[in-house]
Amino acid sequence: MKQLKYKILFLASWYPSRVNKVLGIFVKRKAEAMTRLCDIALIYVVDDHSLRNENYELVSETENNVFTVRVYFKKSSNKIANILLYNFRYLKSYYLGWQAVKSKWGKPDLIHSNVIDRSGYIALLFKLVKGIDYVITEHSTPDIDFLRGITNKTIIPLKFFKSIVINKCSFVNVDSHPSLDYLRKVGFKGNFGVIPNIVEINEKYLTLTQQTKPREIKSALHISILNNRKNVADIIRAFAYIYNKLNRKDFVFHIIGEGSEKDNLIKLAEELNVLNNCVCFHGLVTDEKKLEMLTNSDFHILNSDDEGFSVVTAEAILYGIPVIATKCGGPEDFVNETTGILIERRNLTELKNAILFMLDNSYKYDKVKLHEFGKKMFSPETISDLTYQAYTKSIYHWKAGNTQKVLKINPDWKVLDVGSGHQPNRRANVILDKYTGDTIHRTTAKLEIPKDKYFIMGDALAIPFKQKKFDVVIASHIAEHIDDPIMFCNELQRISKSGYIETPGPITEVLLPANSHKWIVRKSGNGLVFKNNKYTKPFSPLFYSIFYLNREGYDFDTKKSDNKFLKFISWALNSIWKFIPYTYARLFWKDKFECKLK
């Protein structure tokens, strides 16, 4: 069987855009990595102060195989008005994005939200309104003090609403086990799992030449947003102690980044007499310069109080650079004896000892082993495979037939669509049809054969498969066309363990007949009753023409009109039709079902 290529719609709370070209770059990496296995579309909604004349601007393009829709909306300059307008425009922007995705890319099998906040609420709305299941990747940073019992309280804004989003979600992926433990400890209940972030490398800067002895001047590196949570001050104090008290002059500590604490850190380094002696600030640098400095360093230091993951630490490991990291959340999952040293938070003594060890022993770490470990943990291939497995376990509900009946189908089940025609079922692995060209049995002559399905040309009265070959067989709007319905039903039961059959019902055959329909079908108990169809023209030609307004390919005349009232009537009739008794005959059967002629 071919692997089904799921259609996944990403909803991004953060994503690179003209407003911020860097924000949410990890979401972009994840979406692009998933194109290896799935068809991916993405919607990102963001307010944009540059909008002047229009309230909304939609930009859609395909970027690295991701159909990307960015919707920019204008905030009101009036603060009071903005309170009322912001959420309305935010929701309308998603509606506009959804319309663009649906018309140009199609409907998704599953929604992937990043994160619980913002886009998670939109994903919940889609499930309630459209019936589309969703998964979430959550990037929140765990409260380590609360997790370890140092404090008894933690702050979870909008906890009640987040609980609903998680409860209705098929799967919540966090990027570290401490993050998972934190969500559980605060009381969230759901289907959780851990999948790390994708960390990519530039092969140009990958040099895994093993050192045989320590370099004369060792280079230590720290990269971050310089705020209090990163605790860079203690790193400076540790290096100052080694430089001044132990009189070691065989190292330089480089700091890359900007932030609210930068001026204070420069002042501290100056007071400790290490500024530009052994501690150097570089501010923001280009990606190329950052990689050059990282790959030329001997070890990297992360001294944070809490982290959800720490991409830069994982990045260092991928380039074969050993690390010192605090037990602050994310790094516990991938910093070990092979990759570096874990120390307690805010423990200056442990930090000093770890730095001293690295100054003397960092060259002994096996760069190849570090790189291979990093690839196994963070590569796009690894993460996309894990995410695809999560998708597979999350997509159980599939729609079938004109009524969009929801069927629960296990991910490993084999599914056959008999008489697939121009609307093959999304979940089917194999599709079967008797006609490849023009036929009266389809309202369109086009037979569709998706690339992720096997097509078999065959007769539904002699299906070319062995007994119980399939777990589910779907026969949508074919039974009313069949010459021998009893033989057809027997064939379905022979080749499958269960199935779904849908046909027009008696009312539809009276009001909306088709010359190719040989039978009037109705459900009776756990079975179907077939009766010869004698209706050759609509009971009401006007009703017929309005129901199929502006549509082609039908046996009788359909009305053509741009009248808004007629369009509304046609839409309303089509929307409620499946809820009217006897407009359809629908049967989901297991093992066997009854079938008889009347």
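Everything quoted here is computed from the prediction, not taken from an experiment.
Aromatic pair Phe26/Phe309: centroids not less than 6.0 angstrom apart. Aromatic pair Tyr44/Tyr72: ring centres not closer than 6.0 Å.
In this structure, Lys230 does not pair ionically with Glu261, as no charged nitrogen and carboxylate oxygen lie closer than 4.0 Å. Taking a cutoff of 4.0 Å between a charged side-chain nitrogen and a carboxylate oxygen, Asp385 and Arg36 qualify as a salt bridge. Under 4.0 Å is where a charged nitrogen must lie from a carboxylate oxygen, and between Asp48 and Lys75 no such pair does. Between Arg229 and Asp306 a salt bridge is recorded (basic side-chain N to carboxylate O distance below 4.0 Å).
Checking side-chain atoms of Thr154 against main-chain N and O of Phe146 turns up no donor-acceptor pair under 3.5 Å. Using modelled atom types, no side-chain atom of Ser304 and backbone atom of Glu307 make a donor-acceptor pair closer than 3.5 Å. No donor-acceptor pair under 3.5 Å is formed between the side chain of Ser219 and the backbone N or O of Ser297. Formation of a donor-acceptor pair under 3.5 Å by the Thr35 side chain with backbone atoms of Glu32 is found in this model. A donor-acceptor pair under 3.5 Å is formed between the side chain of Asn296 and the backbone N or O of Glu292. Under the 3.5 Å distance criterion, the side-chain polar atoms of Asp234 are left unmatched by any main-chain donor or acceptor of Arg237. The backbone N or O of Arg215 sits less than 3.5 Å from a side-chain atom of Lys218, completing a donor-acceptor pair. The backbone N or O of Ile8 sits nowhere less than 3.5 Å from a side-chain atom of Asp39 that would complete a donor-acceptor pair. With hydrogens and angles ignored, the 3.5 Å screen pairs a side-chain donor or acceptor of Glu138 with a backbone N or O of Ile116. In this structure a side-chain-to-backbone donor-acceptor pair under 3.5 Å is present from Asn20 to Leu23.
Cation-pi geometry between Lys249 and Tyr243 is met: under 6.0 angstrom from the ring centre, within 45 degrees of the axis.
With respect to His254, the ring-ring contact (aromatic ring centres under 6.0 Å, His included) criterion is satisfied by exactly one of His282, His300, His222: His282. Partner of Phe126 under the ring-ring contact (aromatic ring centres under 6.0 Å, His included) criterion, out of Tyr94, Tyr134, Trp98, Tyr121: Trp98 alone. Tested against Asp452, the residues Arg426, Lys5, Arg427 include a single salt bridge (Lys or Arg N to Asp or Glu O under 4.0 Å) partner, Arg426.
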### Message
Could you go through Arg248 and Asp360, starting from their C-alpha distance and side-chain angles, then the distance that decides it, and tell me whether this counts as salt bridge (charged side-chain N to carboxylate O under 4.0 Å, His left out)?
### Response
CA-CA 11 Å; Arg248 289 193 62 161; Asp360 294 331; 3.0 Å; yes
#### Entry: Trace of the salt bridge (charged side-chain N to carboxylate O under 4.0 Å, His left out) decision for Glu288 with Lys204
CA-CA 10 Å; Glu288 291 76 12; Lys204 174 183 175 182; over 6 Å; no
### Task
Using the ring-ring contact (aromatic ring centres under 6.0 Å, His included) rule, take Phe10 and Tyr15 through it: C-alpha gap first, then chi angles, then the decisive distance, then the call.
CA-CA 11 Å; Phe10 273 63; Tyr15 205 72; 8.6 Å; no
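Ring pair Tyr86/Phe73 is perpendicular by interplanar angle, where above 60° counts as perpendicular and below 30° as parallel. The aromatic rings of Phe251 and Phe239 sit tilted relative to each other, their planes meeting at an angle between 30° and 60°.
What you find for Lys185 and Leu147 is that their closest heavy atoms are NZ-O, 3.2 Å. The minimum heavy-atom distance between Val165 and Gly120, with the atom names listed, is CG1-O, 3.7 Å.
How far CG of Leu110 is from OH of Tyr391: 7.0 Å, rounded to the nearest 0.5 Å. Distance OG/Ser176 to CG/Asp181: 8.5 Å, rounded to 0.5 Å. Leu158 contributes atom CG, which lies 6.5 Å from atom CZ of Phe161 (distance to the nearest 0.5 angstrom). In this structure, the separation between CD on Glu315 and CG on Leu294 is 6.0 Å, given to the nearest 0.5 Å. The distance from the NZ atom of Lys130 to the CD1 atom of Ile111 is 10.5 Å, given to the nearest 0.5 Å. Considering SG of Cys278 and CG of Asn273, their distance stands at 9.0 Å, rounded to 0.5 Å.
Sorted by first then second residue, the side chain to side chain donor-acceptor pair (under 3.5 Å) pairs that include residues 318-347, not counting sequence neighbours, are Asp145-Arg345, Arg148-Glu332, His177-Asp333, Asn231-Arg346, Asp305-Arg346, Lys327-Glu344, Asn336-Thr339.
More than 12 heavy atoms of other residues, nucleotides or ligands sit less than 6.0 Å from atom NZ of Lys127. Within 6.0 Å of the CD1 atom in Ile225, the count of heavy atoms belonging to other residues, nucleotides or ligands does not exceed 12. Crowding of Ile155 atom CD1: a count of heavy atoms from other residues, nucleotides or ligands under 6.0 Å not exceeding 12. Within a 6.0 Å sphere centred on OH of Tyr396, other residues, nucleotides and ligands contribute more than 12 heavy atoms. Other residues, nucleotides and ligands contribute more than 12 heavy atoms inside 6.0 Å of the NZ atom of Lys262. Within 6.0 Å of OH on Tyr241 lie no more than 12 heavy atoms contributed by other residues, nucleotides or ligands. Within 6.0 Å of NZ on Lys375 lie no more than 12 heavy atoms contributed by other residues, nucleotides or ligands. By the neighbour-count criterion of 12 heavy atoms within 6.0 Å, atom CG of Asp412 is densely surrounded, having more than that number from other residues, nucleotides or ligands.
Side-chain contact annotation: Lys267 with Asn264, donor-acceptor N/O pair under 3.5 Å absent.
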